[in-house]
Each structure stands twice: as structure tokens, then as C-alpha cells.
Amino acid sequence: MSDRIRRDPRRELEARRSRRPPVEATGSARPRVNPRDRRGGRPAAPPARPAPAPPSVLRLESPDHYVLAVVDLELGRLSRNDRDLLGAARRLAGESAAVVLLACLGPGETLRDDAGTAGADRVLILRRPAFSGYAPEARVAAVLAAAAALPARHLLFNETPRQGADLGRRVAARLGEEPAVACVALTGGAVLCLRDGGRSELPLAPPRLLLFQADSMTPYEGPPREGRLLDPAAFDPREIAEPAADEGLLPVDSRSLPLTEAALIVSAGVGVTDWAAFHALADALGAAEGGSRAVCDAGHLPRARQIGASGTLVEPQCYLAFGISGASQHLHGIAGCRRVVAVNTDLHADMVKRADLAIIADAQVVMPALTHLLRERRRRAA
Amino acid sequence: MPLDVVVLVSAGRHPLSGRPRRADLDARALELALTLPDARVEALHAGPRDGGEEAALRDYLGMGLPSLTLLELREGHDPAFALLRYLEGRRPALLLAGQRAEAGACSGFLPYWLAERLGYPLLAGLTALAGDPQGWRATLAAGGGRRRMLALQGSFLATLDEAAPPARMSAFARAKRGEIRRLPAGEALPPLEEPDGIRPARRRPKRLAGPGQAAAVGRQALVGLDGEAAARTILDYLAREGLLPDSLKPPG
């Protein structure tokens, strides 16, 4: 065995390489040396490319016609459904028509997102004091005024309960036009609508009003559009009396809210030992309580409060996680959360990676402090 | 004077088995009507004479309704217009319906269309009702599990969705005993246009919400804060995101 000649293929390869400069496969006559193959020394850094210029804004000066997208808005921001709707409007409009975003805002509300990057050529913001409450007739009047004045060839709404789904059908009934509801796709010049509780589908030539199913269309991803603000004075809707007087929202015991409907959830994991502080915090915040699988297994919270893949999938506006490490099944349960705040002692926990704001501290210290601060502010406001 | 209430009912279908049964939302509408004090409740359906919907409709009778009105349609006639004609003559004080049907187009557009043609105001998402035509107090479901109180007068149409209280069970003996009153829907109705090209739906995967959908920027992890500083940071963050009610916002 010992008299066998041992060959080291790697060394032979390197020797071959060092002798002969490598030639590129393009077959050019000139031998090209890849600086990275140099022996010794660091490979040369690739020449610095100039940073790509920001994509220029696409302006549409004289559109063929207008497509009006009526957005729901979530605290002044474009929701996921709104962005999908603008994407759908863009597809319907093509290159020759302008997408107009219509937002009905009450006093003190503002559109906080850039509508141009989301695909809107024009933005129309109509303000009425009534829009901050329940005012279906006022909203219908606003949509009709916008549709008539532009004029809009198509009106698009989200199929969101009590928002776009309601408003879209009211507008359709007022105009006397049958809408295309539960639209899931725009293909080949036709809109695909679901029927029969989702069992069948029907392609239609797009009518004037279309209502798009949530999670069906994709948002706009092209170069940013102009998003030019239109003068609302040109779209003055007639004042129509509301048949029903809004007496306001009823105080609801947020603790008894079903988890799927809660807007604010505080959640406890194994890192929470002071349960009295946890319940006090949920009470002070007016938030619903949730928990990871471990705390429900241990009996600290009822099973109905378990959040995760085998528990409940939640979509609150904000999710406050105390002492949760962030197992993948739990993270699946909060995939739909808009904002996540985590308090954990472990900097490298998966929940901290997922969170938009993470505080590395002991939950037992933060929870009472938060409760105390909330009670103080409430007392000062009272 | 008893309150005149008409509830629009349709033949439902079990979502998994497809078995004909009462439609869940229509049943909730009927439930709310039956709980109103001093109300004369009529359940109304428009359908073909031998449409095979009787089994599903009898489930409504089993809820304690003595009789149900069936408008018998000729072949190919539009049930929407049959209902409209009947209701124009009837003009009930209260018209209730489920938000959408369980079979057919299921667009949920019919109540809106009817309300517009009848000139009735429409309330969507009714969960409770008190009062009388001189002063109603209606509770509607608002987003996020909240409830909104409205005050109105006169006749109106209301749709009910899953937020409304669930319907009572249907008793078989009552369902069998109940009477289905058949009325001819009338002549000269517009035809029902069945669109062609209906095909079974292709399974489309839903787009999953990615974490940090709106922006992945701005994630921060703060170390070394004491309790009070941490609490203030959290509350300021919530206020900045617009998630706190005004009373809890930081002063100034």
C-alpha cells in the first residue's frame, strides 16, 4: 500500500491553472484573465456600478377613459385589499386609461400612503364630517359624483364586509346596473366571477361595476405612477339626508370579543409568570387576550384563546407578544397581523425577528409598567 | 296593531354535503323576526312550482311559523321581479333577508336591488332591533366585533349576516304540519337570463399574508430599557401607528 503513488487531484488542478491563464468559453482570441483566479492576494473587487437611478414617474396626460377604484383604507393607510384593488384597476385600465383612487375621509383623517407607487394616476379625496361615522348615503353620493364627473367607465370596489361590499352594491342598485361580484381574476379581457358559494365560476365581459374578492388580485408592481391630486371642488356631491341617524358605536367588552375580530391582542407565552399583571394589562388596554400553545396546555388560558396553526389565526391591527419565543406554528397564526410588538428576554428569538418593535426585557417588568402608564394617562384624560 | 314583517327566505344548501336545508342567514333573519314583540311574520319565497325546494323551505316552518308564502313562477321567469311585484302591493313595515343566498348566483345583490326599487332604506348587518315604526333602534354590526346603534323611522329593509344571533332549531313535526301557501307569481314577468359559460370553479390558491406586509423597514429591537422607558416606547409606537384611542395618546 505504501508504495502506491498517491495523486492529489486538487493540487494538480491548481498547478494546471497557475501555469495557464484560463480562457473564457466565448472563444475570443484574446486570453482573458479573471482577476479572481490570481493566486495570492485578494480577488479584485468588481468595478463599482453607479447606483440604479430611481424609476421615473409615469405620467398619463390625456387618458382614454377613467377607472375609479374606491378604497376602504385602514386608519389612513392603503390596506392589502386596497393595493390589490389598485393592481386590478391597473390591469383593467391598461396603458391608455387612468386609474383614479377615491378616498372618503372624515375630519382629521389623512391618506398616509403614496397612491402613485400603488398604481394610481389620479387621487381624489372627498371630505365630509359624516365620513368618520356611518353614512352610507353620503358615500354613495360621493362615488356617484366622482363617477359622473370624471366620467368613470368602470367602478371597482373590494368585497370587504360592511365596507366595499356594501358600498359597491348600494351604488350598483342606485345606478340600476347589475355588478360583477366576487371577481377573482381578469384574464383575456374578461372578468372571472365566482358563483354558487364559490362552487362555479363565470367569465363575463367587465360591466361598469366590479367587486373584487379579497386575496385574489395582485398589487401593482410597475414603475410609480403620478398620483396627481384632483381638485375635490369639481366633484361636489349632492347632500342626501341619511335615513338612519348614527348614534355611535356601542361600548363593547373587548375581553369578550372573539379573537378573530379583535383589533388589538395581547398574547402571553411561557415567559409570562405574573398572570395578574397580564390580565390587568389586557383590561387597561381594552385588548383581547391570547396565548401560545404552551400556556393553554398548562391551563393558564382557555383553549379558545390559543393562537397558532392549531388554534386561531388572527389578524389584528396590532399584536403584543409577551414572553413568546415564536415557534413557527405560532408565527403562522399571526401571519396576518399588521404590526407586532414583542417583549422577550431573548434577543435571538424568532418572535423578535418577526416583530416590528421588540423590547429585550423581562415581561414581568414591562407589563405592570405599561398598565401603570395607561391608567395614568386615562386618569389624566378624564 | 301588529307589526307587519316579511322575511325573504331561500332554499339553502349545506356547504359540505350540498343537502338542501334552510339557508343559515335567512334563518337568522326569520329568528330575529320571530323574537319581535307583537309581530305578524310572513316568510316569502319565489320559485318554480316543482323546483324541489319544498324540503328546504319546510325547515323554516319548523321554527314555529304557521305558514310560508310561495310565489309560483312560470318556467324561466325572474324571481326578483316576482318578489318586487308582490312587495309593491304589500309594503310591509319591515323587510328582512339574509345577506346572500346559498345556491345560485349568491351575489347578495337582490336585497339592495329590492330596497332601491321599493324606496326602502337599507340597513346591512342587523343584529338586534327594538321599537316600532315611529322610532326604531337598530343595532348593526360594525367592523372588529363592535356594534353600532342607529335610530330611524318608517319602513326599511335589513340584511343579516353571521354577526346576527343564530337561529333556533327546526322541529320536524312542526315543519311537516306547516302550510305552504302557493300563490301564482303573476303574468308578464321579465325572463330570467341564465348566463352561459358557467363552469366549475378552479381551485385558486389564496395569497398568504406575508409577515411585515406593509414594509419590512423600521424593525427595531431595543435592549437595556427599564420598565417605564419600555412602556413609554411601546405606547408611543402604538400612537404613531394610529392604534391607540385618543384618550391614551401621549400628551402634547
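Quick note on labels: first sequence line is chain A, next is B, and so on, each numbered from 1.
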Using a 4.5 angstrom heavy-atom cutoff, name the option from B:Leu114, B:Leu152, B:Leu222, B:Asp196 with the most pairs to chain A.
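Top option by heavy-atom pairs under 4.5 Å: B:Leu222.
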Looking at B:Pro111, B:Cys106, B:Gly108, B:Ala105, which makes the most heavy-atom pairs under 4.5 Å with chain A?
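So the answer, after comparing B:Pro111, B:Cys106, B:Gly108, B:Ala105, is B:Ala105.
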Heavy-atom count around A:Glu376 CD within 6.0 Å, excluding the residue itself: above 12?
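Yes, the 6.0 Å shell around CD holds more than 12 heavy atoms from other groups.
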Taking every non-hydrogen atom, the tightest pair across [X] and [Y]:
X        : Y        : result
B:Ile234 : A:Leu357 : CA-CD2, 4.2 Å
B:Gly197 : A:Pro203 : O-CD, 3.3 Å
B:Leu122 : A:Tyr134 : O-OH, 4.2 Å
B:Phe109 : A:Ala172 : CE1-CB, 3.6 Å
B:Pro195 : A:Arg195 : CG-NH1, 4.0 Å
B:Gly227 : A:Val365 : CA-CG1, 3.6 Å

Atom pair CZ/CG of B:Arg148 and A:Leu250 - distance to nearest 0.5 Å
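With rounding to 0.5 Å, CZ (B:Arg148) is 9.5 Å from CG (A:Leu250).
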Kindly compute the distance separating CG (A:Leu202) from CD (B:Glu194), expressed to the nearest 0.5 Å.
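These two atoms lie 9.5 Å from each other.
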In terms of heavy-atom proximity below 4.5 Å to chain B, should [X] be classed as side chain, backbone, both, or neither?
X        : value
A:Ala244 : both
A:Ile334 : neither
A:Glu177 : backbone
A:Leu78  : neither
A:Leu204 : neither
A:Ala342 : neither

Step by step, work out the side chain to side chain contact (heavy atoms under 4.5 Å, CB included) result for A:Glu242 and B:Leu150.
CA-CA 11 Å; A:Glu242 299 282 343; B:Leu150 297 179; over 6 Å; no
Are A:Glu201 and B:Arg202 close enough, and set up right, to give a salt bridge (Lys or Arg N to Asp or Glu O under 4.0 Å), and what steps lead you there?
CA-CA 8 Å; A:Glu201 59 187 32; B:Arg202 194 162 64 91; 5.2 Å; no
Chain A contact via [X] - side chain, backbone, both or neither, heavy atoms under 4.5 Å:
X        : answer
B:Arg232 : both
B:Thr159 : neither
B:Ala141 : both

Of the listed residues ([options]), which shares the most heavy-atom pairs with chain B below a 4.5 Å separation?
options                                : value
A:Pro179, A:Gly198, A:Ala245, A:Ala369 : A:Ala245
A:Leu211, A:Leu192, A:Leu264, A:Thr371 : A:Leu192
A:Ala361, A:Gly248, A:Ala355           : A:Gly248
A:Glu137, A:Arg199, A:Glu159, A:Gln364 : A:Arg199

List the steps, then state whether side chain to side chain contact (heavy atoms under 4.5 Å, CB included) holds for B:Arg137 with A:Glu247.
CA-CA 9 Å; B:Arg137 297 185 62 74; A:Glu247 296 199 343; 2.8 Å; yes
Electrostatic pair A:Arg170-B:Glu116, nearest N-O below 4.0 angstrom:
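Looking at A:Arg170 and B:Glu116, the cut-off is not met.
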With a 4.5 Å heavy-atom cut-off, do B:Tyr237 and A:Arg339 have their side chains touching?
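Yes - at least one pair of side-chain heavy atoms lies under 4.5 Å apart.
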Hey, is the main chain of B:Gly104 close enough, under 3.5 Å, to the side chain of A:Asp196 for a donor-acceptor pair?
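Yes, because the side chain of A:Asp196 sits within donor-acceptor range (under 3.5 Å) of the backbone of B:Gly104.
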